[in-house]
Amino acid sequence: MESIVKVERPADGVSLVRLNRPEARNALSRALKDALDAALLDAERASDVRVIVLTGTPEAFCAGGDIKELGAVTVEEQLAMREHPLWRTLGALRKPLVVAVDGYALGGGMEIALAADLVVASEGAVFGLPEIRLGILPGAGGTQRLVRLAGRQRALRYLLTGDRLSARAAQAMGIVCEVAADDAVAAAVALAASIAAMPPLAVRQIKEVVQLGPDASLATALALERNANLALFGTEERTRRMKAFAEKGSGRA
Ligand code: CO8
């Protein structure tokens, strides 16, 4: 039987994780969430992986929670579990996560994209948080991440109607960094490869300050930034690159 999550190495330092349950539009069954969580943790631990790319299949990135499974879940079970570890893993990755969206990113699928560091979408990608139409809300970070990214007016506009957004609309709202004219996965892998070629400690520090800073006061966030940069000044990589620049006299460091 084919695995519901596939992992490839399309470029140096890049792990490509693919959801592979196309017959259910990559709906997040318990088994798919377990497999995705395990694949992300493996990539996070692998010393030769610097950037993780996550994608789905051509029909859909992910149609969200598995409604057939969710229909049978009791409130007691929900309360006992609180949340699947996948959602914590997504929020705690130290390596950059680039999501490539082809087709639908709905419900929990859009929540994965909202938790990513960078989102590349194909022209035809469709985003949406239709939970309200099922009598629930986006409970895996969707309400809170959307309001932070897009502001209250635009977040409520989509949360309260469940209306879908095009890739371009998602880009205008700050949810997507790039709309790929051709192949979103190839564009995401190229972006990931260019980040993987950067000094890894600088990548890590930049991701951390951008992630943590907005939740702190500006003064605290600026102190966080200064300290992160000070730590980078202590690295051999910084010394080597600055020396190489000074010796060669141009931006080739
Ligand atoms: N759950 C279960 N099965 C699904 C889902 C889903 N979310 N989406 C699609 N499928 C299944 C369909 O039932 C169908 O199965 P079958 O062939 O057995 O009938 C198969 O996938 C193909 O689906 P379609 O024929 O509908 O395919 P289309 O390409 O025509 O349409 C869509 C694709 C637009 C994605 C459509 O299937 C759709 O609207 N799906 C539902 C989208 C949705 O409402 N998502 C929100 C789900 S709720 C959620 O995400 C909450 C998660 C919160 C997690 C944290 C909880 C604490």
Q: Is there a chain of hydrophobic side chains (I, L, V, M, F, W, Y, each step under 4.5 Å between heavy atoms) that links V99 to V49?
A: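 V99 and V49: one cluster.
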Q: Any side-chain heavy atom of L32 sitting closer than 4.5 Å to one from V5?
A: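 Answer yes - side chains close enough.
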Q: To the nearest 0.5 Å, how far apart are CZ in R154 and OH in Y158?
A: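 Here the rounded value is 9.0 Å.
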Q: I need the minimum non-hydrogen distance between S194 and L191, along with the two atoms involved.
A: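 So the minimum-distance heavy-atom pair works out to OG-O, 2.8 Å.
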Q: Between K33 and D37, is a salt bridge (Lys or Arg N to Asp or Glu O under 4.0 Å) present by the stated rule, with each step listed?
A: CA-CA 6 Å; K33 284 184 281 191; D37 190 34; over 6 Å; no
Q: Distance from R25 atom CZ to D66 atom CG, nearest 0.5 Å?
A: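 If I round to the nearest 0.5 Å, the distance is 13.0 Å.
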Q: For D215, does the CG atom have more than 12 heavy-atom neighbours from other residues, nucleotides or ligands under 6.0 Å away?
A: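 Atom CG in D215 is crowded, with more than 12 foreign heavy atoms closer than 6.0 Å.
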Q: With a 4.5 Å cut-off on side-chain heavy-atom distances among I, L, V, M, F, W and Y, is there a chain of contacts connecting L159 to W87?
A: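 Yes, one cluster joins them.
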Q: Between E59 and P22 (side chain of the first, backbone of the second, donor and acceptor by atom type, cut-off under 3.5 Å), is there such a pair?
A: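 Not confirmed, E59 side chain does not pair with P22 backbone.
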Q: Determine, using the 4.5 Å side-chain heavy-atom cutoff (strictly less than), whether V98 and V119 are members of one ILVMFWY cluster.
A: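 Different hydrophobic clusters.
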Q: Using a 6.0 Å cut-off, check whether atom CD of E23 has over 12 heavy atoms from anything other than its own residue.
A: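 Yes, CD of E23 has more than 12 neighbouring heavy atoms, counting only those of other groups under 6.0 Å.
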Q: Verify whether one side chain among T235 and E237 offers a donor that lies under 3.5 Å from an acceptor in the other.
A: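 Their side chains do not contain a donor-acceptor pair, so the 3.5 Å distance test is not met.
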Q: Could you go through the side chain to side chain contact (heavy atoms under 4.5 Å, CB included) check for L146 and I175 one step at a time?
A: CA-CA 8 Å; L146 186 60; I175 296 166; 3.6 Å; yes
Q: I132 versus L137: any side-chain heavy-atom pair under 4.5 Å?
A: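 Result no, sub-4.5 Å side-chain heavy-atom pair not found.
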Q: For A221 versus A216, what's the shortest heavy-atom pair and its separation?
A: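 For A221 and A216, the tightest heavy-atom pair comes out as N-CB, 4.3 Å.
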Q: Hey, does R94 have a side-chain heavy atom less than 4.5 Å from the side chain of K207?
A: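 A side-chain contact under 4.5 Å is absent here.
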Q: Under a 4.5 Å cut-off applied to non-hydrogen side-chain atoms, are L36 and L54 in contact?
A: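 A side-chain contact exists here, since the closest heavy-atom pair is under 4.5 Å.
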Q: Stepwise, does the side chain to side chain donor-acceptor pair (under 3.5 Å) test hold for N20 with T57?
A: CA-CA 7 Å; N20 186 38; T57 40; 5.9 Å; no
Q: Pair V14, R50 - check side chain to side chain contact (heavy atoms under 4.5 Å, CB included), show working.
A: CA-CA 6 Å; V14 178; R50 291 188 174 184; over 6 Å; no
Q: For a 4.5 angstrom cut-off between non-hydrogen side-chain atoms, does R145 reach E111?
A: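 R145 does not reach E111 side chain to side chain.
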Q: Of all heavy-atom pairs between G103 and S122, which one has the smallest distance, and what is that distance?
A: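 Minimum heavy-atom separation between G103 and S122: N-OG, 4.2 Å.
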Q: Find out whether S29 and R21 are in side-chain contact, i.e. whether some heavy atom of one side chain is under 4.5 Å from a heavy atom of the other.
A: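 Sidechains of R21 and S29: in contact.
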Q: Does a side-chain heavy-atom distance below 4.5 Å link V7 with S15?
A: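 Answer yes - side chains close enough.
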Q: Applying side chain to side chain contact (heavy atoms under 4.5 Å, CB included), run through T55 and V101 and close with a yes or a no.
A: CA-CA 6 Å; T55 194; V101 177; over 6 Å; no
Q: Tell me whether S3 contacts the main-chain N or O of K6 through its side chain, where contact means a donor paired with an acceptor under 3.5 Å.
A: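 Not confirmed, S3 side chain does not pair with K6 backbone.
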Q: Rounded at 0.5 Å granularity, tell me how far NZ in K243 sits from CD in E236.
A: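 Interatomic distance, K243 NZ to E236 CD, rounded to 0.5 Å: 12.0 Å.
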Q: With a 3.5 Å distance limit and no angle check, can you tell me whether Q205 reaches the backbone of A202 through a side-chain donor-acceptor pair?
A: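 The answer is no, because no donor-acceptor pair under 3.5 Å joins these two groups.
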Q: Rounded to the nearest 0.5 Å, how far does CD of E225 lie from CG of L218?
A: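 Reported value, rounded in 0.5 Å steps: 9.0 Å.
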Q: Where do F127 and A167 come nearest, in terms of heavy atoms and distance?
A: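 Of all heavy-atom pairs spanning F127 and A167, the closest is CE1-CA, 4.2 Å.
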Q: To the nearest 0.5 Å, what is the distance between SG on C177 and CG on L118?
A: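 Output value for this atom pair is 4.5 Å.
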Q: Mind listing the closest non-hydrogen atom pair of P138 and L129 along with its distance?
A: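 So the minimum-distance heavy-atom pair works out to CG-CB, 4.0 Å.
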Q: Restricting to non-hydrogen atoms, name the atom on D102 and the atom on P58 that form the minimum distance, rounded to 0.1 Å.
A: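 Scanning both residues completely, I find the closest heavy atoms to be CB-O, 3.9 Å.
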Q: Begin from the C-alpha positions of L28 and I112 and carry the test side chain to side chain contact (heavy atoms under 4.5 Å, CB included) through to its verdict.
A: CA-CA 11 Å; L28 296 164; I112 292 176; 4.2 Å; yes
Q: What I'd like to find out is whether the side chain of V176 reaches to under 4.5 Å of the side chain of V120, using heavy atoms alone.
A: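 Contact flag for V176/V120 side chains = no.
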Q: Using a 3.5 Å distance criterion without hydrogens, assess whether the side chain of N26 forms a donor-acceptor pair with backbone atoms of G56.
A: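 The answer is no, because no donor-acceptor pair under 3.5 Å joins these two groups.
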Q: Measuring from R45:CZ to L40:CG, what's the distance to the nearest 0.5 Å?
A: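 Separation between the atoms: 10.5 Å.
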Q: Salt bridge between D163 and R133, side-chain N to carboxylate O under 4.0 Å?
A: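 Looking at R133 together with D163, the answer is yes, because their closest N to O distance falls below 4.0 Å.
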Q: Answer yes if L114 and V179 sit in the same cluster of Ile, Leu, Val, Met, Phe, Trp and Tyr residues linked by side chain heavy atoms under 4.5 Å apart, and no otherwise.
A: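 Yes, L114 connects to V179 through the hydrophobic network.
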Q: For residues L149 and L90: do they belong to one hydrophobic cluster (side chain heavy atoms under 4.5 Å, members Ile, Leu, Val, Met, Phe, Trp, Tyr)?
A: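 L149 clusters together with L90.
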Q: Would you indicate whether N227, at its atom CG, is surrounded by more than 12 heavy atoms from other residues, nucleotides or ligands within a distance under 6.0 Å?
A: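 More than 12 heavy atoms, drawn from other residues, nucleotides or ligands, come within 6.0 Å of this atom.
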Q: When you check the gap from the basic side-chain N to the acidic O, do R18 and E8 get nearer than 4.0 Å?
A: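 Salt bridge present between R18 and E8.
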